[in-house]
Amino acid sequence: KLHYAFQTGEKLYFVIDFLNGGELFYHLRREQRFTEERCKFYAAEILLALECLHENGVIYRDLKPENLLIDAGGHMKITDFGLAKEVTSRTYTMCGTPDYLAPEIIKNSGHGRGVDYWALGVVCFEMLTGLPPFYQADGRSEQTLQRILKEKPKFPASFPREARNFVMALLERDVPKRLGCLENGVQDIMTHPWFATTDWQVRADSLRFVFRLRPCLIAAVHKFQYVR
């Protein structure tokens with residue numbers, strides 16, 4: 001939420017919510033991977049945020065752990081809307097972070113809200129394994145883009161079965177067949193078996209999940225306690 005905006009002769013300042021839970025990126029790198037329930041909790045809240053954006057005609061286009069922040073209550077917030085855009089049909093701008101780019105962006109064939117669902121699949125894979133599905137160890141973005149276009153994700157044996165089905169449905173290269181891009185839109189994602197225990201009617205403030213991460217506000221902001 002934007003509270004204030006002001007500027008000097010050289011800079012423009014935005015005063016937004018203080019989110020002292022830190023970046024999802026920080027927690028993921030610190031713990032290597034999350035439990036399935038924790039991943040599901042975060043994925044549900046991200047999906048609710050994307051649903052709100054899409055209902056208002058906006059696609060986000062830069063979903064990644066660095067742009068996902070956690071508030072004092074343990075809830076997910078999306079930040080950095082520099083690449084977000086109002087779109088009525090399709091747009092052709094080549095933008096985003098290589099590991100999270102949908103194939104249609106790379107091919108410049110025109111893209112819409114489906115790119116956010118692809119990125120959600122990438123983030124879910126990363127939360128459960130510690131790395132994006134098309135990660136290139138040497139950091140060569142050209143190789144990463146080629147892997148996105150041609151290769152299938154390699155799932156470790158420990159990857160939960162329903163989670164695998166969910167991620168694969170989001171990482172569908174054929175956009176009209178991608179989960180979220182079908183006739184029922186986002187409802188197809190919400191009703192996927194992976195979310196079978198999710199009460200969507202409760203909505204974001206009190207989703208019925210086992211896991212919740214809350215920052216310990218008494219101590220330093222980098223110290224956390226896990227509340228079950």
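Quick caveat, the model's predicted, so the values are computed rather than measured.
Taking all atoms of both residues into account, the shortest heavy-atom contact from P65 to E23 is O-CB, 4.3 Å. When all heavy atoms of G114 and C181 are compared, the closest pair comes out as CA-SG, 3.5 Å. Between P98 and I148, the shortest heavy-atom distance links the atoms O-CD1, 3.2 Å. Across M127 and A43, no two heavy atoms sit closer than the pair CE-N, 4.3 Å. Shown here for V115 and A102, the closest heavy-atom pair between the two residues is CG1-CB, 3.8 Å. For the pair E172 and R178, the tightest heavy-atom approach, listed with the atom from each and the gap, is O-NE, 2.8 Å.
For the atom pair N108 CG and I106 CD1, the distance stands at 11.0 Å (nearest 0.5 Å). With values rounded to the nearest 0.5 angstrom, K40 atom NZ is found 4.0 Å from T197 atom OG1. Here F81 contributes atom CZ and T79 contributes atom OG1; the two are 7.0 Å apart, rounded to the nearest 0.5 Å. Atom CD1 in I46 sits 5.5 Å away from atom CG in L63 (nearest 0.5 Å). Atom CG of D99 sits about 9.5 Å away from atom CZ of R147, to the nearest 0.5 Å. With rounding to the nearest 0.5 Å, the separation of CG in L28 from SG in C39 is 9.5 Å.
Note on L179 and M168: same hydrophobic cluster, where clusters join Ile, Leu, Val, Met, Phe, Trp and Tyr whose side-chain heavy atoms are under 4.5 Å apart, directly or indirectly. Linking Ile, Leu, Val, Met, Phe, Trp and Tyr residues whenever their side-chain heavy atoms come within less than 4.5 Å leaves L182 and L47 in two separate clusters. Follow the hydrophobic side-chain contacts under 4.5 Å out from I78 and you never reach I59; the two are in separate clusters. Grouping the Ile, Leu, Val, Met, Phe, Trp and Tyr side chains by contacts below 4.5 angstrom, directly or via other members, places V58 with I105. One hydrophobic cluster holds both V167 and L149 under the rule that ILVMFWY side chains link at heavy-atom gaps under 4.5 Å.
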Assess whether side chain to side chain contact (heavy atoms under 4.5 Å, CB included) is satisfied between V186 and E51, documenting all intermediate values.
CA-CA 7 Å; V186 70; E51 179 190 23; 4.0 Å; yes
Quick one, L2 with V15, criterion side chain to side chain contact (heavy atoms under 4.5 Å, CB included). Give me CA distance, side-chain angles, the key distance, then yes/no.
CA-CA 6 Å; L2 178 64; V15 181; 5.7 Å; no
Passes side chain to side chain contact (heavy atoms under 4.5 Å, CB included), L171 versus V122? Steps please.
CA-CA 7 Å; L171 298 183; V122 174; 3.8 Å; yes
Given side chain to side chain contact (heavy atoms under 4.5 Å, CB included), test M190 with T198 step by step and report yes or no.
CA-CA 8 Å; M190 292 180 169; T198 305; over 6 Å; no
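Looking at K64 and T97, their side chains come closer than 4.5 Å, going by heavy atoms from C-beta outward. In this structure, F18 and D71 have side chains that are not in contact, with every pair of non-hydrogen atoms separated by 4.5 Å or more. W200 has its side chain out of reach of T191: every pair of non-hydrogen atoms, C-beta onward, lies at least 4.5 Å apart.
With a 6.0 Å cutoff to the six-membered ring centre and a 45° limit on the axis angle, R38 counts as a cation-pi contact of F34.
For residues 126-149, the set of pairs meeting the ring pair (Phe, Tyr, Trp, His ring centres under 6.0 Å) definition, not counting sequence neighbours, is empty. Residue pairs satisfying the ring pair (Phe, Tyr, Trp, His ring centres under 6.0 Å) criterion with at least one member in residues 152-171, sequence neighbours excluded, are listed as follows: F125-F155, F125-F159, F155-F159, F166-H192, F166-W194, F166-F195. Residue pairs meeting the side chain to side chain donor-acceptor pair (under 3.5 Å) criterion with at least one member in residues 116-134, sequence neighbours excluded, are R29-E126, H54-D116, H54-Y117, Y100-E126.
Summarising the hydrophobic clusters (Ile, Leu, Val, Met, Phe, Trp, Tyr; side-chain heavy atoms under 4.5 Å, direct or chained), the residues clustered with L19 are L69.
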Name each donor-acceptor pair under 3.5 Å that joins a side chain in residues 83-94 to protein atoms two or more places apart or in another chain, with its distance.
from	atom 1	to	atom 2	distance (Å)
K85	NZ	T91	OG1	2.6
R90	NH1	S109	O	3.0

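Qualifying side chain to side chain contact (heavy atoms under 4.5 Å, CB included) partners for D138, counting only residues two or more places apart in sequence or in other chains: Q136, R140.
Listed for the H27 side chain is no donor-acceptor partner under 3.5 Å among the backbone atoms of Q32. With T8 contributing its side chain and E10 its backbone, the two residues share a donor-acceptor pair below 3.5 Å. Although no hydrogens or angles enter the test, the distance criterion places no donor-acceptor pair under 3.5 Å between the side chain of N184 and the main chain of Q187.
By the 4.0 Å N-to-carboxylate-O rule, E104 lies too far from K107 to be salt-bridged with it.
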